[in-house]
There are 2 protein chains.
Amino acid sequence: MATYTPAEAAQRSGFTIDTLRYYEREGILPRVARSAGGHRVYSDADLSTLDFLQCLRDTGMPIERLRRYGEMCQDPATMTDRAALLREHAADVDAQIALLTRRRARLTEKIAWYDEQIGDAAD
Amino acid sequence: MATYTPAEAAQRSGFTIDTLRYYEREGILPRVARSAGGHRVYSDADLSTLDFLQCLRDTGMPIERLRRYGEMCQDPATMTDRAALLREHAADVDAQIALLTRRRARLTEKIAWYDEQIGDAAD
DNA sequence: CTGAGCCCTGGAGCGCGCTCCAGGTCAAGC
DNA sequence: GCTTGACCTGGAGCGCGCTCCAGGGCTCAG
């Protein structure tokens, strides 16, 4: 089991050191292990948690919901609830993708319209 | 050509009255016509502009970029630039959709994992 | 043992995109 | 004409998600 300094954890996770501290303060990330002197020592498990958190953030899950998920992860009896939360979130993501796709089509139309205008002007 | 009060424009566009004023102040929306007493009078053209702005906002175009697009729309000589801006934005939207789709797959995996855990526990 | 560079904590500050407020003007039904 | 409610302007405030800072402690190469 490898361990990582805050700087390493930041680099590998893609979050900044400040964000890692912030997530820990907010209870999103479980309390990270410490060295004798109080410095954080990240484990592989922490990194994989961070990796999944990145996925949730990328898909627009708000901090407050992330916090609830993080809390539930502390209690093994909450698996069903966690799965439910993720299923709900997945539905949100589907809606996002659907909206974005519709809007994207709109952009295509508008671009085509511009191209037409530009073409006409060239005549 | 129908006209609309601020309240009607807000309701039809889906933006709030405050947001409409804000967009106008920021130069995103061209200066809206006024009544003798100084009240805004929105036209069908304004509403269709707003509708397209909604599309750009929904796809995450930042205010500053919106402002530049709005400015360019004042000048008919900028069609090519506008088309270029939209093409760039469309590429961003494609990237967003692609990322979201990848993350969505990740969620599916995680949910499946939870379901497996829950199933095992039930035995 | 020392110095340079990480890291610590608590709390303030920031950028975005609105949202709200005070204090006053306009519009329209009665 | 008066009242009621929508609207005006300029500017302050807010919620989110970080990001930065001061003032100090840890660590490790030399």
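Letters go in sequence order (proteins before strands), and every chain restarts at 1. Predicted, not measured: the structure shown is a model, and the values here were computed from it.
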With the sugar-phosphate defined as primed atoms, P, OP1 and OP2, and the base as all remaining atoms, what B/S/- string results for nucleotides 14-21 of chain C, 5' to 3', for protein heavy atoms under 4.0 Å?
---BBBB-
Which parts of nucleotides 25-30 of chain C does protein reach within less than 4.0 Å, heavy atoms only, written one letter per nucleotide 5' to 3' as B for base, S for sugar-phosphate only and - for none?
-SS---
Is it true that the side chains of A:D46 and A:S43 contain a donor and an acceptor less than 3.5 Å apart?
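Yes.
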Nearest whole Å is fine: how far is [N] [atom2] from [X] [atom1]?
X	N	atom1	atom2	value
B:I17	D:dG5	CD1	P	15 Å
A:L20	C:dC7	CG	P	11 Å
A:R31	C:dT9	CZ	C1'	11 Å

Determine yes or no for a side-chain-to-main-chain donor-acceptor pair under 3.5 angstrom, with B:Q74 supplying the side chain and B:P30 the backbone.
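Answer holds: no.
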May I ask you to decide whether A:R34 forms a salt bridge with A:E24, counting only side-chain N to carboxylate O separations under 4.0 Å?
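So A:R34 pairs with A:E24 through a salt bridge.
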Is a salt bridge present between A:R68 and A:D81, judged by a nitrogen-to-oxygen distance below 4.0 Å?
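Salt bridge between A:R68 and A:D81, a charged N being under 4.0 Å from a carboxylate O: no.
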Mind checking side-chain hydrogen bond (donor to acceptor under 3.5 Å, both in side chains) for A:Y114 and listing every partner two or more places apart, or none if nothing turns up?
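Once residues adjacent in sequence are excluded, the partners of A:Y114 under the side-chain hydrogen bond (donor to acceptor under 3.5 Å, both in side chains) criterion are B:Y69, B:R82.
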How would you list, by chain and number, every residue that makes a side-chain hydrogen bond (donor to acceptor under 3.5 Å, both in side chains) with B:T16, sequence neighbours excluded?
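With neighbours one apart ignored, the set is B:T19.
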Given C:dC8, is OP1 or OP2 found less than 4.0 Å from the side-chain N or O atoms of A:R40?
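Looking at the OP1 and OP2 atoms of C:dC8, one of them is under 4.0 Å from a side-chain N or O of A:R40.
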What pairs meet the side chain to side chain donor-acceptor pair (under 3.5 Å) rule with one or both residues in residues 3-15 of chain A, with sequence neighbours excluded?
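Qualifying pairs: A:Y4-A:D44.
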With sequence neighbours excluded, tell me which residues meet side-chain contact (heavy atoms from CB on, under 4.5 Å) with B:S35.
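Residues passing side-chain contact (heavy atoms from CB on, under 4.5 Å) with B:S35: B:H39, B:V41.
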